[in-house]
Amino acid sequence: QEYVTKSHSYFIDKFRNGLKTTGSAIGGIHYAFDKVASPLIVTSAVLIAGFSVISLTESNSMAALGMLTPLIILLALCIDLIVLPAALLL
């Protein structure tokens, strides 16, 4: 939960910086993508890989955790990179 919240905050913070710098919402989104997209993708990939290993356990509850957590992280990444920029343009 903390990673998801921080990733949204990080994107919005960079968007605001870009908005001040460029003076336009589109420019702010481009600025945010330049600064944030790569770190978010790499961090998400590492977390997804790490939590996916847990799905290999024989314990059903831990295996479920290992399957659902990477799914949630992937969903949060998609929201950060697709939905959030679209919402900021409204």
Side-chain angles (χ1 to χ4, degrees):
Q1 177 188 6
E2 186 175 338
Y3 168 72
V4 172
T5 305
K6 285 186 178 182
S7 65
H8 296 332
S9 300
Y10 189 46
F11 189 92
I12 291 171
D13 180 54
K14 294 302 176 187
F15 169 75
R16 286 182 183 165
N17 291 344
L19 187 61
K20 289 177 187 174
T21 304
T22 64
S24 73
I26 297 284
I29 288 175
H30 284 283
Y31 180 84
F33 265 100
D34 288 343
K35 301 293 182 186
V36 174
S38 294
L40 281 181
I41 292 170
V42 170
T43 303
S44 296
V46 169
L47 287 171
I48 288 169
F51 278 105
S52 294
V53 172
I54 297 173
S55 68
L56 302 175
T57 188
E58 292 182 18
S59 169
N60 288 338
S61 60
M62 291 301 289
L65 174 77
M67 288 184 264
L68 291 176
T69 303
L71 182 63
I72 292 168
I73 293 170
L74 182 62
L75 180 64
L77 179 65
C78 291
I79 289 171
D80 280 340
L81 298 179
I82 298 169
V83 176
L84 186 57
L88 290 172
L89 286 177
L90 296 177

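Here I79 contributes atom CD1 and I72 contributes atom CD1; the two are 10.5 Å apart, rounded to the nearest 0.5 Å. Atom OG1 in T21 sits 5.5 Å away from atom OH in Y31 (nearest 0.5 Å). Rounded to the nearest 0.5 angstrom, L65 CG and N60 CG are separated by 12.5 Å. Interatomic distance, OG of S55 versus CG of L68, reported as 10.5 Å (0.5 Å rounding).
Taken together through direct or relayed side-chain contacts under 4.5 Å among Ile, Leu, Val, Met, Phe, Trp and Tyr, I12 and Y10 form part of one hydrophobic cluster. Both V36 and I26 belong to a single network of hydrophobic side chains, linked directly or stepwise wherever heavy atoms of I, L, V, M, F, W or Y lie under 4.5 Å apart. Linking Ile, Leu, Val, Met, Phe, Trp and Tyr residues whenever their side-chain heavy atoms come within less than 4.5 Å places L77 and L84 in a single cluster. A continuous path of hydrophobic side-chain contacts links I29 to L40 [ILVMFWY only; heavy atoms under 4.5 Å]. Cluster membership check: M67 does not share its hydrophobic cluster with L74, using side-chain heavy-atom separations under 4.5 Å among Ile, Leu, Val, Met, Phe, Trp and Tyr.
Two residues are said to be in side-chain contact when any heavy atoms from C-beta on lie closer than 4.5 Å; S52 and I48 meet this criterion. Side-chain contact check for L88 versus F11: some heavy-atom pair is nearer than 4.5 Å. The shortest side-chain heavy-atom distance between I41 and L81 falls under the 4.5 Å cut-off.
Checked options I73, V46, L71; the residue passing with F51 is I73 (criterion: side chain to side chain contact (heavy atoms under 4.5 Å, CB included)).
The two residues G27 and S24 come nearest to each other via the heavy atoms N-OG, 3.0 Å. Heavy atoms only, all atoms of each residue included: F15 and G28 are closest at CD1-C, 3.5 Å.
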